[in-house]
Amino acid sequence: MSSPLKKIKPSGKADDSFFAAVYEVVRQIPRGRITSYGAIAEALGSRSSARMVGWAMNGAHQVQPSVPAHRVVNRQGLLTGKIHFATPTQMQELLEAEGVQVIDDQVQDFQQLFWDPKEAANW
DNA sequence: CCCATGACCACAA
DNA sequence: ATTGTGGCCATGG
């Protein structure tokens, strides 16, 4: 079990929907780190599928184990998805609780805290 | 079945 | 730098 991601890659057919793959990747995001929708999509092989990543997050709340959707922001490091959380401040508070500074829905040192899913990918 | 929307991103002008 | 448009796939009316 050295490979946390294992075979989430669509080699052949989608055993686990694109959604499942997204959830897997999001769970790999280290605490105090963040990534972007596009980065996840690109890591999955579909650079342009960033929209689906966000769409997948829409149901992440009811998915187990818990998916740290608050660690996923847009390309600008902006908390675009905060509106989908229980409260408009939930996402920011979760990030700040992990040491991520957020000002005006903007992640500080975004580029520095950015975590590339490809780094964890074992392919 | 067709149309519209969506937690996005990249490119062209 | 800003604006507009296309694309991606899924879900809902």
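Note on naming: letters A, B, ... go to the chains in the order of the sequence lines (proteins, then strands), and numbering restarts at 1 for each one.
Residues Pro117(A) and Val25(A) are in side-chain contact: their nearest non-hydrogen atoms beyond the backbone lie under 4.5 Å apart. Side chains of Phe114(A) and Val107(A) form no contact here, defined as non-hydrogen atoms less than 4.5 Å apart. Side chains of Gln92(A) and Asp105(A) form a contact here, defined as non-hydrogen atoms less than 4.5 Å apart. Side-chain contact check for Ile83(A) versus Pro88(A): every heavy-atom pair is 4.5 Å or farther apart. Put simply, the side chain of Val53(A) does not reach to within 4.5 Å of the side chain of Phe19(A), judged on heavy atoms.
The backbone N or O of Trp115(A) sits less than 3.5 Å from a side-chain atom of Thr35(A), completing a donor-acceptor pair.
Between Arg33(A) and Glu98(A) no salt bridge is recorded (no basic side-chain N to carboxylate O distance below 4.0 Å).
The only member of Val102(A), Val73(A), Val72(A) that meets side chain to side chain contact (heavy atoms under 4.5 Å, CB included) when paired with Met91(A) is Val73(A).
Within residues 68-101 of chain A, no residue approaches DNA chain C, by heavy-atom distance under 4.0 Å. Annotation: proximity of residues 51-63 of chain A to DNA chain C (heavy atom, distance under 4.0 Å) is found for Arg51(A), Met52(A), Trp55(A), numbered in ascending order.
Along DNA chain B, the stretch of nucleotides lying under 4.0 Å from any heavy atom of chain A spans, 5' to 3', dG6(B) to dA10(B).
Across dT2(C) and dA7(B), the matching C1' atoms stand 23 Å from one another, rounded to whole Å. dT5(C) and dT5(B): their P atoms are spaced 15 Å apart (whole Å).
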